[in-house]
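Have a look at the structure below before the remarks.
Because only heavy atoms are used, hydrogens play no part in the values below, and waters and symmetry mates are left out as well, while side chains stay in. Positions are given from 1, in the same order as the sequence printed here. The shown structure was predicted, so the numbers you read here are calculated from the model rather than taken from an experiment.
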Amino acid sequence: MPIQQLPSHLINQIAAGEVVERPASVVKELVENSLDAGANTLQVDIVAGGQKLIRVRDDGAGIPKDELQLALSRHATSKISSLDDLEAVVSLGFRGEALPSIAAVARLTLCSHAADAQSAWQIEVDGGEISAARPAAHPIGTTVAVHDLFYNTPARRRFLRTERTEFGHIEKWLRRLALSRPDVAFTMTHNRRTVLQLPSARTPEQRLARIAKIYGAAFADQALYLDYETDGIALSGWISLPTFNRSQPDMQFWFVNGRSITDKTLAHAARHAYRDVLFHGRYPAYALSLTMDPAVVDSNAHPAKHEIRFRDGRRVHGVVTQALEVALRDTRPGAPGPSPAAVSSEPAYKQGAMHFQGAYRPGSGAIGETLAAYRTMAAGATSAAVHADTGPADIPPLGFAVAQLAGTYVLAENREGLVVIDMHAAHERILYEKLKRGFDDKAVVRQPLLVPITIAVSAGEAELVEQSTDLLEKLGLVIDRAGPTSVVVREVPALLRDSDAEALARDVLADLAQVGQSNRIEDACLDTLATMACHHSVRANRLLTLDEMNALMREMETTDHADQCNHGRPTWMAITMADLDRLFLRGR
């Protein structure tokens with residue numbers, strides 16, 4: 001065939017293949033246009049999973065009459081006008097392809113009332129033919145109705161799934177957009193039945209209520225609010241406590257400058273922050289917004305704008321990891337309240353023997369009287385000291401030990417009720433955090449290999465080794481390029497001298513190629529420290545004195561991440577007096 005210019009309608013249909021993948025893509029593009037128009041309220045109506053009707057109504061700025069037809073032309077937009085605007089784009093849409101692409105594969109009606117106009121105007125598009133504008137009744141804002149999606153491209157229509165599946169994709173996207181803009185009210189109906197109604201949320205309490213409607217009450221009950229800013233990067237949103245985790249990463253949403261995206265760098269940073277508080281194979285849940293200078297973010301990296309590129313991904317990775325680690329650090333009993341002042345800073349573990357110091361001592365006011373009373377109870381005697389008047393301010397978060405159960409659990413009483421502590425898991429976390437502090441304060445010590453290991457790699461990986469020599473040495477690896485497709489591992493971290501050096505090197509190079517940095521060495525070293533902590537912590541069936549039990553709890557209250565052991569298991573559980581009363585039917 002000779003080279004020829006394609007007709008405009010066919011061009012729009014080809015473009016629709018990139019923009020309009022399924023009904024959910026239409027909803028995403030139309031809702032983003034409404035948000036860019038400054039809408040405060042959005043109404044989305046769906047019929048037959050979006051195949052029959054998709055209608056989006058907003059109360060935004062509206063479109064003037066003389067711009068309605070231009071809005072349906074390719075590459076016509078009000079959001080950018082120069083290359084400088086493109087390099088620092090802050091709007092969700094900017095290519096000017098959404099409306100004409102949708103109109104090329106569906107029957108579209110566009111009705112809008114501009115804020116400064118006397119009345120609304122409406123145009124229709126069918127088969128690429130745009131009608132003349134005519135007056136219509138419509139409040140200030142815009143309504144776009146999309147009928148019979150893919151009616152003129154039956155091959156695309158055959159690839160659609162069931163009505164229920166397609167609506168599921170629509171609902172997923174709308175929930176993501178609702179998370180990114182809590183100040184906007186969203187309502188969605190399917191086949192004339194309201195399935196989602198979210199009022200605007202401007203206070204932290206209202207935003208948490210929206211999170212509960214989208215993620216569920218279980219997440220809202222175990223979520224931490226994060227608000228962190230440093231070096232021109234702001235991170236805010238909600239992250240789950242380690243106790244709320246998933247079998248897959250289906251509740252992990254990222255928003256960069258208001259745009260919902262997926263990004264390997266951000267996902268890797270979050271996974272790294274949760275590395276030693278979750279079971280292996282489990283995933284945290286979060287909805288996080290990253291705000292930064294739009295000039296250092298490339299939003300034009302994907303046809304459907306699902307992905308972005310950072311100019312300095314390593315810096316972003318470090319900020320996100322640090323912010324999440326700081327937020328998760330206070331997952332301990334009583335946080336973020338003040339730590340008990342009577343706890344000694346001396347080490348709790350010495351030379352393989354269970355030895356706690358800094359426990360509360362008898363005779364130190366009400367606390368001493370309470371501890372003495374518990375000692376008397378443990379001895380099987382009665383004492384008037386049991387009824388001593390102990391003020392609530394004197395009772396630590398975990399309370400005081402009462403007994404030991406089956407040589408495994410410590411039973412304690414605090415101001416709310418009963419506390420059960422897994423003494424091995426709790427001591428394991430305490431030792432692990434102390435070993436980590438010692439490891440973090442020192443440079444990585446390298447161990448030369450007696451026989452250097454030659455590894456066959458790709459040409460790209462060999463070049464990466466040459467470019468990353470300094471970074472690899474900081475990680476404790478000395479790797480030299482030996483040929484076009486081979487490298488030699490000469491030194492490894494001393495703590496990992498017994499590990500598989502080849503597998504470690506390959507994993508580190510894979511991380512460098514994917515996200516520009518690697519935490520494999522650190523993670524492997526922490527795994528070794530975790531094993532050491534596990535092997536040297538107090539074992540089951542070890543009888544503890546009340547002093548040792550109380551000292552263990554005091555250390556838990558001042559140890560980072562003390563709510564979970566190194567493997568992600570909970571270290572303590574609480575049963576309130578109200579729960580106990582319900583269990584024994586008291587008050588009925």
Using a strict threshold of under 4.0 Å (side-chain N to carboxylate O), is an ion pair present between [Y] and [X]?
X    : Y    : result
R107 : D148 : yes
R192 : D45  : no
E307 : R259 : no
R332 : D560 : yes
K474 : D470 : no
D276 : K436 : yes

Out of Q43, R57, Q122, which residue meets the side chain to side chain contact (heavy atoms under 4.5 Å, CB included) rule with T143?
->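 That would be R57; it is the only one of Q43, R57, Q122 passing the side chain to side chain contact (heavy atoms under 4.5 Å, CB included) with T143.
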
Given 3.5 Å as the limit, does a donor-acceptor pair link the side chain of [X] with the main chain of [Y], or not?
X    : Y    : result
Q252 : P284 : yes
S112 : I63  : yes
R55  : I46  : no
D183 : R202 : no
S180 : L177 : yes
D263 : L266 : yes
H113 : H138 : yes
S240 : F244 : yes
S468 : V465 : no
Q206 : T203 : yes

Nearest atoms (heavy-atom pairs only) where [X] meets [Y]:
X    : Y    : value
P242 : Q564 : CG-OE1, 3.4 Å
V20  : R156 : O-NH2, 2.6 Å
N245 : R282 : OD1-NE, 2.7 Å
V125 : A103 : CG1-CB, 3.8 Å
A106 : V146 : CB-CG1, 3.5 Å
V184 : A39  : CG2-O, 3.5 Å

Pair [X], [Y]: side-chain N/O donor-acceptor within cut-off below 3.5 Å:
X    : Y    : value
S34  : D58  : yes
H147 : T109 : no
T243 : Q222 : yes

I want to check something: taking the side chain as every heavy atom from C-beta on, are [X] and [Y] in contact at a cut-off of under 4.5 Å?
X    : Y    : value
E163 : H190 : yes
V296 : D293 : yes
V144 : T142 : yes
D59  : I140 : no
I233 : V316 : yes

Go through the steps for N33 and V56 under the test side chain to side chain contact (heavy atoms under 4.5 Å, CB included), then give the verdict.
-> CA-CA 10 Å; N33 280 343; V56 177; over 6 Å; no

Neighbour count above 12 (heavy atom, 6.0 Å) for R161 CZ = no

From the options R176, E32, K28, select the one residue that forms a side chain to side chain donor-acceptor pair (under 3.5 Å) with S260.
-> R176

From [X] [atom1] over to [Y] [atom2], what is the distance, rounded to the nearest 0.5 angstrom?
X    : Y    : atom1 : atom2 : value
L235 : T291 : CG    : OG1   : 8.5 Å
L72  : L108 : CG    : CG    : 6.0 Å
L174 : F167 : CG    : CZ    : 8.5 Å
K213 : L208 : NZ    : CG    : 12.0 Å
F310 : T265 : CZ    : OG1   : 7.0 Å
R22  : F150 : CZ    : CZ    : 9.5 Å

Under the salt bridge (charged side-chain N to carboxylate O under 4.0 Å, His left out) rule, what do R275 and E325 come out as? Steps first, then yes or no, please.
-> CA-CA 10 Å; R275 65 190 180 280; E325 285 180 342; 2.9 Å; yes

Residues passing the side-chain hydrogen bond (donor to acceptor under 3.5 Å, both in side chains) test with N152, sequence neighbours excluded, are none

Apply side-chain hydrogen bond (donor to acceptor under 3.5 Å, both in side chains) to S131 and list each qualifying residue two or more places apart in sequence or on a separate chain.
->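 So S131 forms a side-chain hydrogen bond (donor to acceptor under 3.5 Å, both in side chains) with E124.
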
Compute the centroid of each ring, for Y215 and then for Y286, and state whether the two points are separated by less than 6.0 Å.
-> no

When the aromatic ring centroids of F219 and W238 are compared, is their separation below 6.0 Å?
-> no

With side chain to side chain contact (heavy atoms under 4.5 Å, CB included) as the test, would you mind laying out the steps for V44 and T187 before giving the verdict?
-> CA-CA 6 Å; V44 181; T187 302; over 6 Å; no

